[in-house]
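Below you'll find the structure, written out as structure tokens, and then a few comments.
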Amino acid sequence: MLRMSTLLLRTLRDDPADAEVASHRLLVRAGYVRRVAAGIYAWLPLGYITLRNIERIIREEMDAAGFQEVHFPALLPREPYEQTNRWSEYGPDLFRLKDRRGNDYLLGPTHEEMFTLMVKGEFSSYKDLPLSIYQIQNKFRDETRPRSGIIRGREFVMKDSYSFDLDDQGLATSYEKHRQAYIKTFNRLGMNYNIVAAMAGAMGGSRSEEFLAPCPTGEDTYVLCEKCGYAANVEAMVTSVPAYSGQTPAAMEIFDSPNTPTIDSLVELLNEKFGGPYQASDTLKNVLLMADGEAISVLVPGDREVDLKRLQANLPGVQDIRLFEDADFAKNPGLVKGYVGPQAAAKLGLRLFADPRVVMGSHWITGANEKDKHVRFVTHGRDFTIEKFVESAEVRAGDTCPNCATPVVIDRAIEIGHIFQLGRKYAQALDFTVLDKDGKSQVVTMGSYGIGVSRAVAAIAEQTHDEIGLCWPREVAPADIHIVATGKEDLPFDTAETLAKELEAQGMRVMLDDRRDASPGVKFKDAELIGIPFIVIVGKALADGKVELRNRKSATKTEVELASAVSDILAVVTAS
RNA sequence: CGGGACGUAGCGCAGCUUGGUAGCGCACCAGGCUGGGGGUCUGGGGGUCGCAGGUUCGAAUCCUGUCGUCCCGACCA
């Protein structure tokens, strides 16, 4: 039984100054967590119970799916990460340290290498597969800017699983098993979430989905088709483009366009010069970028911006991408800032990519590669050719669903889970093979599956809190019932004590506010802030032989006879 | 890494412009009243004012540097 009189807990009346998002504010105020350093948090008893409840649910679902739990150290040697090249690839986000002999170590950001090596050390036959193993572990990332409290810390708790299969079909099956296990897990956690298509990204692999908990303070943006259910991270959103059916355009025609370095100024001039209506979407924007030191051009309709994240995610292998700067223009005198066109890209040595909207046969108004001159009727396929289409333009609400052409909505969310088919990258790098039926060595194929455990505490708090405090789903709450004794006589306290013990005997998890020195108002406020789903008040109503039962979420209050209180409360709680 | 702000008691803040005994609220301790919505009165304990230099008879306050933190952006399996 949790007793408020002795619990290591001091609720705060004021919001902490450094907390912006609701989960952070409330978890600190309600005494669940305390900041230790930037992006590093300690868990007080209430918070730790909540965290462990989530871990327990995850374990139960992983075990039920037949996955086995293992555990690795957080402190790891450099060598395996050297072999997979992640020691350098991971960049400055990797926490690195040296021991007294000067050897390099790291604090694990994810454990693909260790899992692969563990299985490699034990198994060497196709008969041993498939295998899925998982751990719940603290992970470390030296984020440039930790933020939003528990949501994005530098140390956090994560459940990561890895599957090992002989072939792609096996991987697909393992992936699906994890997907189902995740659905069960997040349902039990009482979360609202969407499963969205994601980019497998630099990790390689063919299929990847994210579990996103919609929430205005989330850091991920995704699109959702409310008609057919298509959902995708904006990076993975597929542009739907109707086939181009326009007539063959006239030949290119250069015209004077003084002082029109921006799309807006160009559109204004077009309407004056040629009669309208012309729109930004009639023009072609040539966005110049440096990709790993190489100049590239990306073509997007003039009314769209390039989404750098989206572009990079769709240009596999590119590590670093940034917009052209004045210094880059200086090095490429053929490129006239504000008047760039794709016609001369090849001549200028630019690699040319285009958003799928720049369909073959479409014609555009674009720069003439000459100051104060533009050109119209520039036609894709006739006047320029591209290396390939690449998803790169910003995604907007109202863009059409690639499945059913319905306008999509855009929403923000917290990423709480990510599953993806890794393929053979790690097994290859670490030389993990098994013998197949024919006695031949085969590189195994892997999947990797993560759940942000500590982040889930915050995500649930974000989705379930209200103005007055936290409001947990029962299975994750630190207790089922919060019993408050009020008054100055012994009777309510003794009664509450007895009631608490009887409810515990029935399997209920009980928190008892047995503080003699706190006023009723303080106890009610604390109970609401802490957010245990049911609150029982033993006080005034005792005079009529009753206690009061409140539902934290709905704020409904009912009085029940003390004589039947245990079974009445039990019935209400278990029905929830 | 760019832009902005802030470091004073466990938490929230004032004091700094104009240098002179470090203050308020919450929390904490002792006692009284109150006892169904963070109630009230009296009395207390707790801070090398982020750190290091400098100016000055004297620095929380002025100057220089440095470290840290938060917010927006960039970045983020």
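Numbers restart at 1 for each chain; the letters A, B, ... are given by sequence-line order, proteins then strands.
- With the nearest nucleotide of RNA chain B identified for both A:Gly452 and A:Phe524, A:Phe524 has the one nearer the 5' end.
- Nucleotides B:G20 and B:G73 are separated by 41 Å at their P atoms, to the nearest Å.
- Contact check for A:Arg86 versus A:Thr110: side-chain heavy atoms found under the 4.5 Å cut-off.
- Taking the C1' atom of each, B:U21 and B:G15 are spaced 14 Å apart, rounded to whole Å.
- Comparing atom distances between the A:Asp14 side chain and each of B:G38, B:G35, B:G12 picks out B:G12 as nearest.
- Taking 3.5 Å as the limit, the base of B:A27 and the side chain of A:Thr11 contain no donor-acceptor pair of atoms between them.
- Among the nucleotides B:G38, B:A77, B:G35, the one closest to the side chain of A:Pro520 is B:G35.
- Taking the six-membered ring where tryptophan is involved, the planes of A:His24 and A:Tyr41 are perpendicular, since the angle between them exceeds 60° and thus also 30°.
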Return the polar atom pairs (N/O with N/O) between nucleotides 40-45 of chain B and the protein under 3.5 Å, or none.
none

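- In this structure, A:Asp517 atom CG and B:C33 atom P are separated by 15 Å, rounded to whole Å.
- Rounded to an integer number of Å, the gap from NZ of A:Lys159 to C1' of B:A77 is 13 Å.
- Annotation: A:Phe72 is in aromatic contact with A:Phe115 [ring centroid separation under 6.0 Å].
- A:His178 has its ring centre less than 6.0 Å from the ring centre of A:Phe67.
- In terms of position on RNA chain B, the residue among A:Gly450 and A:Val522 whose nearest nucleotide sits closer to the 5' end is A:Val522.
- The distance from atom CD of A:Glu89 to atom C1' of B:C75 is 16 Å, rounded to the nearest whole Å.
- Shown here, B:G23 forms a base pair with B:C13; the pair counts as Watson-Crick or G-U wobble because both key distances fall under 3.5 Å.
- Taking every side-chain heavy atom of A:His418 into account, B:A77 is the closest of B:C28, B:G12, B:A77.
- For the pair A:Asp93 CG and B:A74 P, the computed distance is 15 Å after rounding to whole Å.
- Both cation-pi conditions hold for A:Arg550 and A:Phe524: the charged atom is under 6.0 angstrom from the six-membered ring centre and inside a 45 degree cone around its axis.
- Remark: C1' of B:A74 and CG of A:Asp307 are 13 Å apart, rounded to the nearest angstrom.
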(request) Report the C-alpha distance between A:Phe186 and A:Phe211 in whole Å, list the side-chain angles of each, state the deciding distance to 0.1 Å, and finish with yes or no for ring pair (Phe, Tyr, Trp, His ring centres under 6.0 Å). (result) CA-CA 9 Å; A:Phe186 290 122; A:Phe211 287 71; 5.3 Å; yes
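- Whole-Å rounding puts the A:Ile537 CD1 to B:G35 P distance at 18 Å.
- The listed nucleotides are B:G38, B:A77, B:C75; the one nearest the side chain of A:Lys309 is B:C75.
- Taking atom P in both B:G46 and B:A14, one finds a spacing of 25 Å when rounded to whole Å.
- As judged by a 4.0 angstrom heavy-atom cut-off over every strand, A:Ala485 is placed among residues making no nucleic acid contact.
- Listed nucleotides: B:A77, B:C75, B:G38. Nearest to the side chain of A:Arg29: B:G38.
- The partner of B:G2 is B:C72, judged by Watson-Crick or G-U wobble contacts that both fall below 3.5 Å.
- Taking the P atoms as reference points, B:A27 lies 15 Å from B:G12, given to the whole Å.
- Using a 4.0 Å heavy-atom cutoff across all strands shown, A:Glu548 reaches at least one base atom of the nucleic acid.
- Side-chain atoms of A:Arg552 come within 3.5 Å of backbone N or O of A:Leu470 as a donor-acceptor pair.
- Checked by distance alone, A:Asp526 brings a side-chain donor or acceptor within 3.5 Å of a matching partner on the base of B:G38.
- Between A:Phe432 and A:Phe164, the ring-plane angle classifies as perpendicular under the 30° and 60° cut-offs.
- Separating the CG atom of A:Leu323 from the C1' atom of B:G2 is a distance of 14 Å, rounded to the nearest angstrom.
- Partner assigned to B:G43 is B:C29, using Watson-Crick or G-U wobble distances below 3.5 angstrom.
- The base of B:C75 is paired with the side chain of A:Thr144 by a donor and an acceptor separated by under 3.5 Å.
- Rounded to whole Å, atom P of B:C75 lies 13 Å from atom CG of A:Asp220.
- The cationic atom of A:Arg34 (NZ for Lys, CZ for Arg) does not lie both less than 6.0 Å from the six-membered ring centre of A:Trp43 and within 45° of the ring axis.
- Rounded to the nearest Å, the gap between the P atom of B:U55 and that of B:C28 is 46 Å.
- A:Glu235 comes within contact range of no nucleotide atom at all, as no heavy-atom separation falls under 4.0 Å.
- Classified by interplanar angle (parallel below 30°, tilted 30° to 60°, perpendicular above 60°), the ring pair A:Tyr32/A:Trp472 is tilted.
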(request) Begin with the C-alpha distance, continue with both residues' side-chain angles, and end with the deciding distance and a verdict on salt bridge (charged side-chain N to carboxylate O under 4.0 Å, His left out) for A:Arg516 and A:Asp490. (result) CA-CA 9 Å; A:Arg516 303 294 291 238; A:Asp490 286 340; 2.7 Å; yes
Between the protein and nucleotides 68-71 of chain B, list every N/O to N/O distance that falls short of 3.5 Å.
| residue | atom | partner | partner atom | Å |
| --- | --- | --- | --- | --- |
| B:U69 | O3' | A:Arg35 | NH1 | 3.4 |
| B:C71 | OP2 | A:Arg145 | NH1 | 3.2 |

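- For the C1' atoms, the distance from B:G45 to B:C1 is 46 Å, rounded to whole Å.
- Taking the C1' atom of each, B:C70 and B:G31 are spaced 42 Å apart, rounded to whole Å.
- Using a cut-off of 4.0 Å between Lys/Arg side-chain N and Asp/Glu carboxylate O, A:Arg515 and A:Asp526 are scored as salt-bridged.
- Spacing between B:A22 and B:C16 at atom C1', rounded to whole Å, works out to 12 Å.
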